[in-house]
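Shown next, in C-alpha cells, is the structure this report addresses.
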Amino acid sequence: MVTDLAEAVAERERSGSVRWVWQSAALVYPRLLRCGVRVGRCHDVELTESLLLGRDGLSDQPARLAAAAARITGRPARSEAAPLPSAEPAGPPQLLFDESDLAGPADHLAGAVLDDLITVHASQQARIGADRQTPRFGVLTTAESAGGLVAAEMTAAGLPWRAEIHDELLTELLGPRPAAAVGPAARPARLAELATEISAALGAVRPVNLDSPTQLLRALSAAGIRVPSTRVSVLRTIDHPVIPLLLRYKELARLYTANGWSWLDTWVSGGRFRPEYIVGGVVSGRWATRGGGALQIPKVLRRAVVADPGWSLVVADAAQLEPRVLAALAGDRAFAESAASGDIYDAVAQAIGAERAKAKVGLLSAMYGGSGGDGGHSLALLRRRFPQASGFVEAAARAGEEGRIVRSVLGRTCPPPSAAWLSLTGESGDPGLERDPDAGRASRARGRFTRNFVVQASAADWALVLLATLRTSLARAGEPDGAPARADVAWPGGRPVPQLVFFQHDEVVVHCPASQADEVTAAVDAAAVTATRLVFGATEVSFPMTTAVVDCYSDAK
DNA sequence: GCATTGCGCGCG
DNA sequence: AAAGCGCGCGCAATGC
C-alpha cells in the first residue's frame, strides 16, 4: 500500500521496464498525467476485453472489468455503481498493479478490484493466443492499450490553438462577433446580408429561414428551382443566380454554428484545444472524439493551430493509405507492385491504361462498393488486371451480404448482423433470392459495409501500430540541443519530450522543440516501417509518409 | 418541455 | 438499375 499513487508509479517507472495492468487508461491515466507522471506501457483490460468480445462474437456483452470478471467466475458482477476511486485526488493503487505488487495488503474495495484484474488479465492472456484465425491478435491488443495511453496524453497535451487567430478569421469572414447571445441580433452581419440577398433573389415575400431545409426547399420550388434536396452537391448542378449566394451562405453558416465563437469559448482554453479521444470508438477501430468535433476541424481553421515559440509542428500523413492496405492484404502480386513505391494511382492508371483520375475513382469504388460512375469502366479494368485484389474485396462483400463476419488483418472483427437485419433478409444466405426489395437493399448495404471494413479496419490497425511505435520512440528522443525546456512536457529526468498532439485516422501531428523536428520526422518514417512489418509481415507494398515541419498547421501540404 | 429523428456538412 | 465506406455535431421538425 502506498499513500502517494503518482509518486509510487513514477518510482516504479524509473526502476525499469514495467507494464501496468489496469482497468482502463481512460479511467486511471488522466489523473497520473495531471500529477506529471507518464507510464511506458500498459495492458488495458477494458479495451482488450472489448476486442476479445468482438472477435468471439460476443460484442453484445459489456466489456467492463467487473462484468468480465463475472463471466469468468460465474459470480454476480461486483457493482460498479459507486464510481471507482478515479475521482479521488490520489488514492491507493487499487486500480493498477504489476505482478510484484500482488502480495501487498489492500483494503476491501481495492482487494475486490485487484481480484478482478488478476482473474481477467490471466483469462485475457490465454484468450488472446487461443484463436488460430487471428494470429496477430496480440499485436492488436498491445497497440490498442498503447492507444489508450496516447489518447490520454494527447488530451493532456492539447493541440496548440491560437484563439485570437481563430477570432480574427471569424471576424474576417462573418463580421464582428454578435453581441447578443440569442435573438435576431445573434446572427453575424455577413450571414444576415447574404440571407437578405438570397430572399430577394428568390423573389420571396417573407424572409426564408435558410437553416430549415424544408423552408428552403419550398422557397426554391416557388422560384422555379425544383431539387430533391438542398444539399450542396445538388445545388451545385443548378444554374441560377441565387445558387452562388446560397452556397456561400451554407459555407459560412456551417463555420459559424460548428466552429464559431461559442465553439472557441467552449473548447479552447489556455492556448490548447483538448478533445477527448475515444480509442476504438468506431467499429473499424478508428478513433472517435467526444466534444468539439475534433476529427472534423475544417481546413480553414488550421491557421489557428500554431506551434509554441521555439517549437515546431511535425505533420505526417500516410499517403494513399487505404489502397496500399488493400494491396498488402490481398496478396495480389501485380497490385502490390503498383503499390511498391511512388503514387499508387499513377501506377494503377498505367497498369490498366486509364487516366489517373479514373483509376482513382475506380479504386475507391472497389473499396466502397460503388458503381464508380465515371470509374465504372476502370472498375472493370481493375477486375481484369488485379483479379486477386478485386476478389479480396468481393469476397468480403459476399460475406457481409450473407450475414457472415469479416476481420481486419490483426483480427478486429466487424459486428454480426442485427436481429432486424436477419429477420429482414430471412437468413437465406443468398442475396439473389430475395423477394422483398428491402431485404436485397439491406443485404447489399451490409456487403458494402464489410467490403469497406476489411480495408478501413486494417488501415486503422496499421495507423494504431504506427502511433504506438511512434509514441515509444518519441519518449526516447535525444537531447533537445538547447531548445527551451518546459517542465510540463518533461519526463521525470527533466528532458523535453516531443508530444503527440493530434491523430486523425491516417495523420499524426507532433509538437516538439524545433531542434528536434528532424529527429521526429525520422522517427515517423521508422515507425511506418515498423508498423508495416508488424501488421503485414513481409510485403512488397510501401507505406510512405508525407511529412511537413511547420509553425502553422495550415502550412502543411 | 424533453428526447428522438432527419438533414446537412465537416473530416478521413 | 442503383448503390458507393466510416464518423460527430447543430439545427429543425417531430413525437411523447
Side-chain angles (χ1 to χ4, degrees), chain A residues 182 186-187 208-218 227-236 246-247 249-260 262-263 266-267 275-278 280-302 317-323 325-326 361-376 379 393 396-397 400-401 406 408 412 414-415 431 437-438 440-460 462-463 502-508 553 557:
Chain A
V182 290
R187 185 151 63 172
V208 183
N209 180 359
L210 301 176
D211 302 322
S212 162
T214 317
Q215 285 191 42
L216 180 55
L217 212 53
R218 203 158 36 221
V227 281
S229 87
T230 65
R231 59 185 52 173
V232 169
S233 58
V234 172
L235 295 181
R236 252 199 265 279
L246 210 40
L247 294 177
Y249 177 88
K250 278 176 169 278
E251 195 183 344
L252 294 178
R254 166 77 192 185
L255 179 65
Y256 174 59
T257 55
N259 300 100
S262 67
W263 182 92
T266 308
W267 298 111
E276 185 188 348
Y277 295 87
I278 315 293
V282 180
V283 285
S284 65
R286 281 183 170 187
W287 291 14
T289 58
R290 194 152 42 211
L295 301 183
Q296 295 100 283
I297 300 295
K299 288 186 172 174
V300 287
L301 276 187
R302 294 182 181 186
D317 78 278
Q320 305 162 337
L321 179 58
E322 292 196 351
V325 163
L326 174 56
V361 174
L363 209 42
L364 293 175
S365 299
M367 293 186 297
Y368 288 166
S371 68
D374 274 356
L379 197 53
V393 285
E401 288 175 355
V406 294
S408 74
R412 193 184 302 266
C414 82
D438 283 348
R441 258 193 292 278
S443 178
R444 286 189 297 275
R446 186 171 154 80
R448 289 192 298 277
F449 166 65
T450 50
R451 170 197 295 268
N452 184 247
F453 182 95
V454 292
V455 177
Q456 188 185 111
S458 299
W462 183 91
F502 197 52
F503 170 54
Q504 188 175 33
H505 311 317
D506 60 359
E507 176 182 5
V508 296
Y553 193 9
K557 77 179 175 186

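Numbered from 1 within each chain, the chains take letters A, B, ... in sequence-line order.
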Open item on the list: Within the 4.0 Å heavy-atom criterion, would you say A/Gly291 contacts the bases, only the backbone, or no part of the nucleic acid?
Closed with: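 Answer is sugar-phosphate: A/Gly291 comes under 4.0 Å of backbone atoms only.
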[N] base to [X] side chain: any donor-acceptor pair below 3.5 Å?
| X | N | answer |
| --- | --- | --- |
| A/Gln504 | B/dG12 | no |
| A/Arg254 | B/dC9 | yes |
| A/Arg286 | B/dG12 | yes |

Task: Nearest-0.5 Å distance, CG of residue A/Leu321 to CG of residue A/Leu326 - done: 11.5 Å
Task: CG-CG distance between A/Leu246 and A/Leu216, expressed to the nearest 0.5 angstrom - done: 5.0 Å
Can you measure [X] atom [atom1] to [N] atom [atom2] for me and round it to whole angstrom units?
| X | N | atom1 | atom2 | answer |
| --- | --- | --- | --- | --- |
| A/Arg290 | C/dC9 | CZ | P | 9 Å |
| A/Glu251 | C/dG10 | CD | C1' | 17 Å |
| A/Asp506 | C/dC5 | CG | C1' | 14 Å |
| A/Arg236 | B/dC9 | CZ | P | 9 Å |
| A/Asn259 | C/dC9 | CG | C1' | 10 Å |
| A/Arg302 | B/dG10 | CZ | C1' | 11 Å |
| A/Tyr249 | C/dG10 | OH | P | 16 Å |
| A/Gln456 | C/dC7 | CD | P | 7 Å |

Starting the side chain at C-beta, find the nucleotide from [options] nearest to [X].
| X | options | value |
| --- | --- | --- |
| A/Val282 | C/dC5, C/dC7, C/dA12 | C/dC7 |
| A/Asp211 | B/dG12, B/dG10, C/dA12 | C/dA12 |
| A/Lys250 | C/dG8, B/dC9, C/dC5 | B/dC9 |
| A/Gln296 | C/dC5, B/dC11, C/dA13 | B/dC11 |
| A/Pro298 | C/dA12, C/dG6, B/dG10 | B/dG10 |
| A/Ala288 | C/dG8, C/dA13, C/dC5 | C/dG8 |
| A/Thr230 | C/dC5, B/dG8, C/dG10 | B/dG8 |
| A/Ser365 | C/dG4, B/dC9, C/dC7 | C/dG4 |

Task: A/Ser229 vs B/dG8: side-chain N/O to OP1/OP2 distance below 4.0 Å - done: yes
Open item on the list: So that I can tick it off, tell me whether A/Arg441 and A/Glu401 are bridged by a salt bridge, with the cut-off set at under 4.0 angstrom between side-chain N and carboxylate O.
Closed with: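 No, A/Glu401 and A/Arg441 are not salt-bridged.
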Between [X] and [Y] (side chain of the first, backbone of the second, donor and acceptor by atom type, cut-off under 3.5 Å), is there such a pair?
| X | Y | answer |
| --- | --- | --- |
| A/Ser408 | A/Arg412 | yes |
| A/Lys250 | A/Thr230 | yes |
| A/Ser212 | A/Gln215 | yes |

Task: Pairing partner of B/dC11 (Watson-Crick or G-U wobble, both distances under 3.5 Å) - done: C/dG6
Task: Euclidean distance for P, B/dC7 against C/dG4 (whole angstrom) - done: 13 Å
- [ ] Tell me whether C/dG4 sits syn or anti, counting syn as a glycosidic angle within 90° of 0.
- [x]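 Glycosidic conformation of C/dG4: syn.
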